[in-house]
Protein chains: 2
Amino acid sequence: MSSPRITLKDLAKELQLSPSTISRAIAGHPAISESTKKKVRKKAEELGFAPNSIAAGFRKKRTHSIGVIVPKIDVHFHSLVISGIEDLAYREGYNITIFQSKDSIDREKEIAKILQNRLVEGIIVCLSNETKSYTHFKKLVKLGVPIIFYDRVPTDFQANKVVIDDFGSAFKATEHLIEQGCKRIGHIAGNQGTPIFKHRFEGYKAALKAHNIPYNPDLVLETQNLSYEEGAISARKLIALPQIPDGVFCSNDYTAISAVQVFQKAGFKVPEQIAVVGFSNYPISQVIQPNLTTVNDRAFQMGEAAAKLLIRQIEDEDNAIDFETITLKTDLVIRESSLRKK
Amino acid sequence: MSSPRITLKDLAKELQLSPSTISRAIAGHPAISESTKKKVRKKAEELGFAPNSIAAGFRKKRTHSIGVIVPKIDVHFHSLVISGIEDLAYREGYNITIFQSKDSIDREKEIAKILQNRLVEGIIVCLSNETKSYTHFKKLVKLGVPIIFYDRVPTDFQANKVVIDDFGSAFKATEHLIEQGCKRIGHIAGNQGTPIFKHRFEGYKAALKAHNIPYNPDLVLETQNLSYEEGAISARKLIALPQIPDGVFCSNDYTAISAVQVFQKAGFKVPEQIAVVGFSNYPISQVIQPNLTTVNDRAFQMGEAAAKLLIRQIEDEDNAIDFETITLKTDLVIRESSLRKK
DNA sequence: ATTATTTATGCAAACGTTTGCATAAACATA
DNA sequence: TATGTTTATGCAAACGTTTGCATAAATAAT
């Protein structure tokens, strides 16, 4: 039922030409006359010739393929980043091969090993949260495979990185609460072993300091993974304090939303009594009542930037670049959950 | 800085053996003695040899790669399906290359063309909503590339499909509302040009009929793409009717949620006055207040099933299977938005 | 008409594996 | 000792392209 594949040679035989001529004709080489080009294209169409890009890639040592390793595809942030990567890569003639580390260092290592085998010309990675050492990636770098890290990036290791300004974003978010008149601002924090969450915490503290608000550790609650449930637990702790906060900055939208709900159920008005700001601008933030003020972390742009940087490095002949770090702008999306209108 | 790649030949020269022996030693061929195997493996490790799987794939005519075409990666349903595909494919030694059609038939055709070139051994597709003809896929089938369609599948075209029972799911959802005491049940429907949404509508009607509830077209509102905004508009229309419904079945969760919010804002109690059921079990359905009753559409399992089916066809030597359709079970996740207790 | 230049095509090697077949060495059998 | 069998390795071709170089034919310059 499936007819055998047509190759260059078949075409050549059919047209009484050499394979090289066919190859060049199809590639549009200038040394081939228009008349033969036309003939070749016609016959190719007729026989349903599809060039074997594996063979071509093998010969030219190119795959036009880039590898992407994410912790989990179905986390909205990552799927948005992937979307950005795919979009740019597609425009540039690359395709993307995706792997999930499932936040397992072992799986990440396995994947790195698979990726050594010339399948891809470059790699984009968001580290698993178990990753502490980077030898599996260093090996790849040594083989000449460019790597771009995004979001969760290695700290003590020179590399290409695309990140957002977590510190600055948290600073802006906290400052916004201050400007809305908040005096006692709480923080629901992510795992402080993860740099990005630490930076957000630092940004929060810096904003308080800049506005002469004393830092009160009782108002800060660290969570393991910023889950919806942990958000609720933290929120309940906050309203159990002798002096409850009048504003809360949360390190992601899930905890922010569950905090809002806990506050509302306990009879507090959001934002009038407690103003809340989240982080990431998840779709849900526009659906929840009141709509959530949050930091737009530009996931799609992050993917685009990572892909652009990677492709530049792949195609950079003389390999002049050493390492590059791109920090993306974020913006605070002000919605109802924090706005105590003037 | 990047050392040149080590090849089989390099290893062979280094060890005074032939490339074939090296190849077999690494592959664990039984005809090679343990002692040489050990030597080869040691040297390979030492020189950092990474087999060129492109060359191997070229020689063996295998890529162990499967192509996936989705409308948009960042739609949660699709990212979950992809996650299921990746998970199963990874276990079976395949990697996945992802393309977004962006719901554009032209882009879908372009992608199909790219995929002809032996990059992938099989393809998993969710059709763009512009797709009406399937010639671009038929060409691939003729070349012997197995294709599995999921969710949005071709109608008038023999093919492998993985779907859920939209009709039955909608029937169950509507029946549930009836069991909760609803007498006037509305339906916010998806674009009736898309089979899955039509089936859901049919299921809704069938459930009414089965319970001797007259079908009332005034209670059914068709939307273009089941957006949050369209949900709100439809919900407002429903409560503007002379006789408002006491239950609504929505073809997705977004419209269900915005309907709930419109009803609440208008002073109706959910579920007491109007019970609401959605479709898809998006994460948001567990967050919204009241939690949303919805149909779990098993996106992850759909991905797994599609990948499993595809790999079976790829590896099926004698190509005995013609076409196969898998229909996955769904279940109704009953939560607060429809539950008028016991 | 001879030589130089341009234009269009072909030859053959190469990319790094895998694999059927041949073969040499070691061992077992008669 | 001669023959048969097993074990371990090598040879060489093949997979389908691409590409530097050579070459033949056609055209231009002398």
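Naming: A, B, ... by sequence-line order, numbering from 1 per chain.
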Show which side-chain atoms of residues 145-153 of chain B pair as donor or acceptor with protein atoms under 3.5 Å away, not counting sequence neighbours.
unit_1	atom_1	unit_2	atom_2	d
Tyr150(B)	OH	His78(B)	ND1	2.9
Arg152(B)	NH1	Asp103(B)	OD1	3.1
Arg152(B)	NH1	Leu127(B)	O	2.8

Just grab all the salt bridge (Lys or Arg N to Asp or Glu O under 4.0 Å) pairs involving residues 77-100 of chain B, residues at least two apart or on different chains. Lys102(A)-Asp87(B), Arg107(A)-Glu86(B), Arg107(A)-Asp87(B), Asp87(B)-Arg91(B), Arg91(B)-Glu304(B)

Rounded to the nearest 0.5 Å, how far apart are OG of Ser133(A) and NZ of Lys109(A)? 5.5 Å

Got a sec? Which of residues 20-37 of chain B come in under 4.0 Å of DNA chain C, heavy atoms? Ser20(B), Ser23(B), Arg24(B)

Partner of Val162(A) under side-chain contact (heavy atoms from CB on, under 4.5 Å), picked from Thr325(A), Val81(A), Leu328(A), is Leu328(A)

For His136(B), all residues meeting ring pair (Phe, Tyr, Trp, His ring centres under 6.0 Å), sequence neighbours excluded: none

For DNA chain C, the residues among residues 38-52 of chain A that have a non-hydrogen atom under 4.0 Å from it: none

Are any non-hydrogen side-chain atoms of Lys37(B) and Arg24(B) less than 4.5 angstrom apart? no

Hey, could you give me each pair passing ring pair (Phe, Tyr, Trp, His ring centres under 6.0 Å) that has a residue in residues 7-58 of chain A? Not counting sequence neighbours. Phe58(A)-Phe58(B)

Please list, chain by chain and in numerical order, all residues satisfying ring pair (Phe, Tyr, Trp, His ring centres under 6.0 Å) with Phe77(B), sequence neighbours excluded. none

Side chains of Ile85(B) and Val68(B) in contact at under 4.5 Å (non-hydrogen atoms): yes

Glu121(A) meets the side-chain hydrogen bond (donor to acceptor under 3.5 Å, both in side chains) criterion, sequence neighbours left out, with Arg62(A)

Kindly indicate whether the side chain of Ile124(B), heavy atoms from C-beta on, has any atom under 4.5 Å from the side chain of Ile69(B). no

Quick one: label Leu17(A) by what it contacts on the DNA or RNA (base, sugar-phosphate, nothing), any heavy atom closer than 4.0 Å. sugar-phosphate

Report, as yes or no, whether the 6.0 Å neighbourhood of atom NZ on Lys138(B) holds more than 12 heavy atoms from other residues, nucleotides or ligands. yes

For Tyr90(A), the side-chain hydrogen bond (donor to acceptor under 3.5 Å, both in side chains) test, sequence neighbours excluded, returns Glu110(B)

For DNA chain C, stems built from three or more consecutive Watson-Crick or G-U wobble pairs below 3.5 Å: C:1-30 with D:1-30

Identify the 5'-most and 3'-most nucleotides of DNA chain D with at least one atom closer than 4.0 Å to a non-hydrogen atom of chain A. dG16(D) to dG20(D)

Please report the interatomic distance OH(Tyr94(B)) to CD1(Ile314(B)), rounded to the nearest 0.5 Å. 4.5 Å

Which residues within residues 7-16 of chain B lie with some heavy atom under 4.0 Å of an atom in DNA chain C? Thr7(B), Leu8(B), Lys9(B)

Tell me whether the count of non-hydrogen atoms from other residues, nucleotides or ligands lying under 6.0 Å of NZ in Lys161(A) goes above 12. yes

